Structures are given as structure tokens and as C-alpha cells.
Amino acid sequence: MKNVWTRDELILALDLYFRLPFGRLNRSTPEVIELANLIGRTNNSVALRLVNFAACDPVIIESGRTGMQGGVSICKPIWEEFSDRKEDLFFEAQQIKAKLLHSSIENIVGISKTDLIGKDKQAFVKQRVNQNAFRSMILNLYEKRCAITGINIPSLLVASHIIPWAENEKERLNPENGLCLSALYDKAFDKGLITLDNHYRVVLADKLKVFAKEPYYEKHFSPIEGFVITLPEYHRPNPLFLEWHRDCIFNK
């Protein structure tokens with residue numbers, strides 16, 4: 001019977017831990033089952049490692065939950081190595097996954113040869129890996145529903161950055177820098193037509209309100225003014241990031 005977890009397996013487990021909300025760290029979660037099948041372990045074994053990582057996570061500890069203490073000594077070194085280096089973690093995890101599937105990392109993350117024309121291959125692949133990881137984190141945190149409308153069609157959902165990807169490298173993969181929005185509201189947020197106050201209420205820009213007499217405004221924007229968005233249990237949008245958005249995008 002297989003017992004000792006390898007470094008590669010622990011990296012894959014930590015990668016999954018960051019993508020899933022605390023309430024889905026269980027053996028019946030599809031992503032847990034998928035990882036168990038990939039590394040040849042039981043669903044229970046993978047779920048146990050995930051809650052071991054939860055016991056290393058300050059966010060979970062500060063919430064009053066403790067995860068599963070048994071096995072923490074195995075997970076702690078990997079946590080300490082990668083908890084502040086998520087870009088490296090997600091990239092290395094996809095490399096490991098590609099190797100196990102006898103594929104390439106480009107295939108794993110959906111990059112074609114055409115996508116790479118004229119680009120630095122490694123930099124482009126790493127960026128796509130991390131953008132995909134951010135999308136997984138945010139959609140899972142918000143239970144794959146738009147925080148404003150409740151739309152739950154994944155192809156219509158966007159993992160919106162509050163502070164844009166290019167503006168702050170340190171916070172690119174911080175789940176508190178994300179919102180799950182449907183495409184219309186993602187674009188409106190990105191262009192500074194809407195924002196959130198520190199009570200998570202939707203605020204409409206004056207430059208949007210000039211269209212108040214239009215039928216689409218009454219249908220899509222007037223009803224959401226002052227609306228409190230649906231929030232995740234953990235990693236709610238950081239008020240400092242929302243303040244940045246109001247100052248640098250909404251009021252610009």
C-alpha cells in the first residue's frame with residue numbers, strides 16, 4: 001500500500017488547496033477525485049492532505065477553525081516554501097501534472113502553437129497558468145456565481161481583478177483581489193463604470209448615469225445601484241483594494 005507522500009504529490013495537493021474553498025475540502029469534491037485518480041491515491045487520502053494544509057493556513061486558523069493537525073508536519077515545509085510564491089507553485093504543479101499525463105504543459109493549460117508566435121514561450125505559459133489558477137480560485141470561492149446577478153453559467157463568468165494584473169505583481173494571485181462577475185459587469189468594473197464601496201455596495205459612475213434614460217440602463221444598471229454583492233465565506237474583497245479601484249479607475 002502506498003503511504004509516503006512525495007514532494008510532487010504534496011505540490012499538487014497544495015495547488016488544489018488554494019483553488020478550493022474550505023467547505024469543499026472533502027472526498028466527494030470532483031477536483032479531489034480527479035487528483036486522487038491522477039496520483040493513485042484514495043479520495044480520503046487527498047482530502048486529508050487538503051485539511052492538513054488548512055491547518056497551516058493563517059486565514060483558516062484566525063477564523064477559529066483548525067483543519068486537521070495530524071500530518072501537518074508533512075505539509076508544513078511545502079506550505080512554507082510556496083505560500084508566498086503562488087506563481088511558482090501553480091506553474092510547477094502544472095508541469096508535474098503534464099508529466100503524469102504524458103502531455104505538455106501547453107496542452108494542459110490550453111495554449112496552441114499559434115498563441116506562442118512572437119512571444120517569450122516560458123513567460124507566456126507561466127502567465128496563462130497563473131491566470132487559469134486565479135480563475136479557478138475566484139470562481140470556486142463564489143460558488144461559480146456572479147456576485148451581482150447570481151448567474152452560474154461558467155462560460156459567462158470572469159474572475160475580475162480589483163487591482164489589474166499588470167498594476168500590482170504582488171497581489172496578482174491574492175483571492176482578496178478578485179471578484180466573480182458576469183461578462184457585462186466585469187467590463188463595467190474594468191472600465192470604471194461601476195465600483196464597490198467598503199460595505200460591498202455597488203456604486204454607479206456619473207459617466208454611466210448619463211445613459212439613465214436608455215432602456216438597457218433601467219434593465220441592467222438601475223436595479224443594481226446600492227446592491228450588496230454576494231460575498232464568499234473567506235477572502236472577501238480587500239477594502240484597501242476597493243479603495244484603490246475607486247481612486248485609480250472609478251474616479252479617474
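Everything quoted here is computed from the prediction, not taken from an experiment. Reckoned from all heavy atoms, side chains included, excluding hydrogens, waters and symmetry mates. One is the number of the first residue; the rest follow in order along the sequence.
For Lys207, the NZ atom counts as densely surrounded, since its 6.0 Å shell holds more than 12 non-hydrogen atoms of other residues, nucleotides or ligands. A 6.0 Å sphere centred on CD of Glu143 holds no more than 12 heavy atoms belonging to other residues, nucleotides or ligands. By the 6.0 Å contact criterion, CG on Asp120 is enclosed, its count of non-hydrogen atoms from other residues, nucleotides or ligands being greater than 12. Remark: Arg128 CZ is packed, more than 12 non-hydrogen atoms of other residues, nucleotides or ligands lying under 6.0 Å away.
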Begin from the C-alpha positions of Asn26 and Ser28 and carry the test side-chain hydrogen bond (donor to acceptor under 3.5 Å, both in side chains) through to its verdict.
-> CA-CA 6 Å; Asn26 59 70; Ser28 61; 2.7 Å; yes
From CA spacing to verdict: side chain to side chain contact (heavy atoms under 4.5 Å, CB included), Asn52, Ile74 | CA-CA 9 Å; Asn52 288 156; Ile74 296 171; over 6 Å; no
Cys180 vs Arg145, side chain to side chain contact (heavy atoms under 4.5 Å, CB included): CA-CA, chis, key distance, verdict = CA-CA 7 Å; Cys180 182; Arg145 290 184 178 274; 6.0 Å; no
Dump the intermediate steps for salt bridge (charged side-chain N to carboxylate O under 4.0 Å, His left out) on Glu92 and Arg7, then the final yes or no.
-> CA-CA 11 Å; Glu92 189 166 339; Arg7 172 182 168 82; 3.8 Å; yes
Applying side-chain hydrogen bond (donor to acceptor under 3.5 Å, both in side chains), run through Asn132 and Arg135 and close with a yes or a no.
-> CA-CA 5 Å; Asn132 288 352; Arg135 175 177 170 82; over 6 Å; no
Trace of the side chain to side chain contact (heavy atoms under 4.5 Å, CB included) decision for Asn177 with Asn168 | CA-CA 10 Å; Asn177 189 32; Asn168 191 323; 6.0 Å; no
For side chain to side chain contact (heavy atoms under 4.5 Å, CB included), just list the numbers for Lys126 and Asp88, CA-CA rounded to whole Å, side-chain angles, deciding distance to a tenth of an Å, and then say yes or no.
-> CA-CA 9 Å; Lys126 190 169 186 178; Asp88 294 329; 2.8 Å; yes
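Residues Ile117 and Val125 do not share a hydrophobic cluster, defined by chaining ILVMFWY side chains whose heavy atoms lie under 4.5 Å apart.
Of the inter-residue distances, the one linking Ile229 atom CD1 with Cys146 atom SG reads 9.0 Å to the nearest 0.5 angstrom. We find the CG-OH distance between Leu89 and Tyr17 to be 12.5 Å, quoted to the nearest 0.5 Å. Taking CD1 from Ile108 and CD1 from Ile105, the interatomic distance works out to 8.0 Å, rounded to the nearest 0.5 Å. Rounding to the nearest 0.5 angstrom, the gap separating the CD atom in Glu106 from the CD1 atom in Ile111 is 6.5 Å. Interatomic distance, Lys219 NZ to Glu214 CD, rounded to the nearest 0.5 Å: 14.0 Å. Between the CG atom of Leu25 and the CD1 atom of Ile60 there is a distance of 7.5 Å, given to the nearest 0.5 Å.
Side-chain contact between Leu100 and Leu12 is present, with heavy atoms from C-beta onward closer than 4.5 Å. Here the side chains of Asn238 and Glu171 are not in contact, with every heavy-atom distance at 4.5 Å or above. Looking at heavy atoms from C-beta onward, Arg49 lies out of side-chain contact with Val46 at the 4.5 angstrom threshold. A heavy-atom distance below 4.5 Å is found between the side chains of Tyr142 and Leu179. Here the side chains of Asp15 and Gln94 are in contact, with some heavy-atom distance below 4.5 Å.
Of the candidates Phe134, Phe82, Trp79, Phe53, Trp79 is the only one forming a ring-ring contact (aromatic ring centres under 6.0 Å, His included) with Phe18.
In this structure Glu176 satisfies the salt bridge (charged side-chain N to carboxylate O under 4.0 Å, His left out) test with no other residue, sequence neighbours excluded. Applying the salt bridge (charged side-chain N to carboxylate O under 4.0 Å, His left out) rule to Glu31 yields the partners Arg24; only residues at least two apart in sequence or on another chain are considered. Checked against side chain to side chain donor-acceptor pair (under 3.5 Å), Ser112 has the following partners two or more places apart in sequence or in another chain: Asp115. For Phe250, there are no ring pair (Phe, Tyr, Trp, His ring centres under 6.0 Å) partners at least two apart in sequence or on another chain. Glu34 is linked by a salt bridge (charged side-chain N to carboxylate O under 4.0 Å, His left out) to Lys97, counting only residues two or more places apart in sequence or in another chain. Listed by chain and residue number, nothing satisfies the side chain to side chain donor-acceptor pair (under 3.5 Å) test with Glu243 (two or more places apart in sequence, or in another chain). For Lys119, there are no salt bridge (charged side-chain N to carboxylate O under 4.0 Å, His left out) partners, not counting sequence neighbours.
The shortest non-hydrogen separation linking Ser103 to Asn107 is OG-CB, 3.3 Å. A pairwise comparison of heavy atoms in Lys191 and Ile249 identifies C-CG2, 4.2 Å as the closest pair. Taking each heavy atom of Val72 and Ala55 in turn, the nearest pair found is CG2-CB, 3.6 Å. The two atoms that bring Arg19 and Ala133 nearest to each other are NH1-CA, 3.5 Å, heavy atoms only. What you find for Leu173 and Met137 is that their closest heavy atoms are O-CE, 3.3 Å. Among all heavy-atom pairs drawn from Ala54 and Phe22, the shortest one is CB-CE1, 3.7 Å.
Applying the side-chain hydrogen bond (donor to acceptor under 3.5 Å, both in side chains) definition to pairs two or more places apart or across chains, those involving residues 222-234 are Arg65-Glu233, Arg65-Tyr234, Lys209-Glu225. Listed by first then second residue, pairs satisfying ring pair (Phe, Tyr, Trp, His ring centres under 6.0 Å) with a partner in residues 83-118 number zero, not counting sequence neighbours. The ring pair (Phe, Tyr, Trp, His ring centres under 6.0 Å) pairs that include a residue from residues 113-133 number zero, where partners must be two or more places apart or lie in different chains.
The backbone N or O of His220 sits less than 3.5 Å from a side-chain atom of Tyr185, completing a donor-acceptor pair. In this structure, the side chain of Arg236 does not engage the main chain of Leu231 through any donor-acceptor pair within 3.5 Å.
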Quiz: residues 197-205 side-chain donor-acceptor pairs under 3.5 angstrom, not counting sequence neighbours:
unit_1	atom_1	unit_2	atom_2	d
Asp197	OD1	His199	N	2.8
Asp197	OD1	Tyr200	N	3.1
Asp197	OD1	Arg201	N	2.9
Asp197	OD2	Arg201	NE	2.7
Asp197	OD2	Arg201	NH2	3.1
Asn198	OD1	Arg246	NH1	3.2
Asn198	OD1	Arg246	NH2	3.2
Tyr200	OH	Pro237	O	2.9

Pair up each side-chain donor or acceptor in residues 148-164 with any protein partner under 3.5 Å, not counting sequence neighbours, and list the distances.
unit_1	atom_1	unit_2	atom_2	d
Thr149	OG1	Ile151	N	3.1
Ser160	OG	Asp186	OD1	2.6
His161	NE2	Arg172	O	2.9

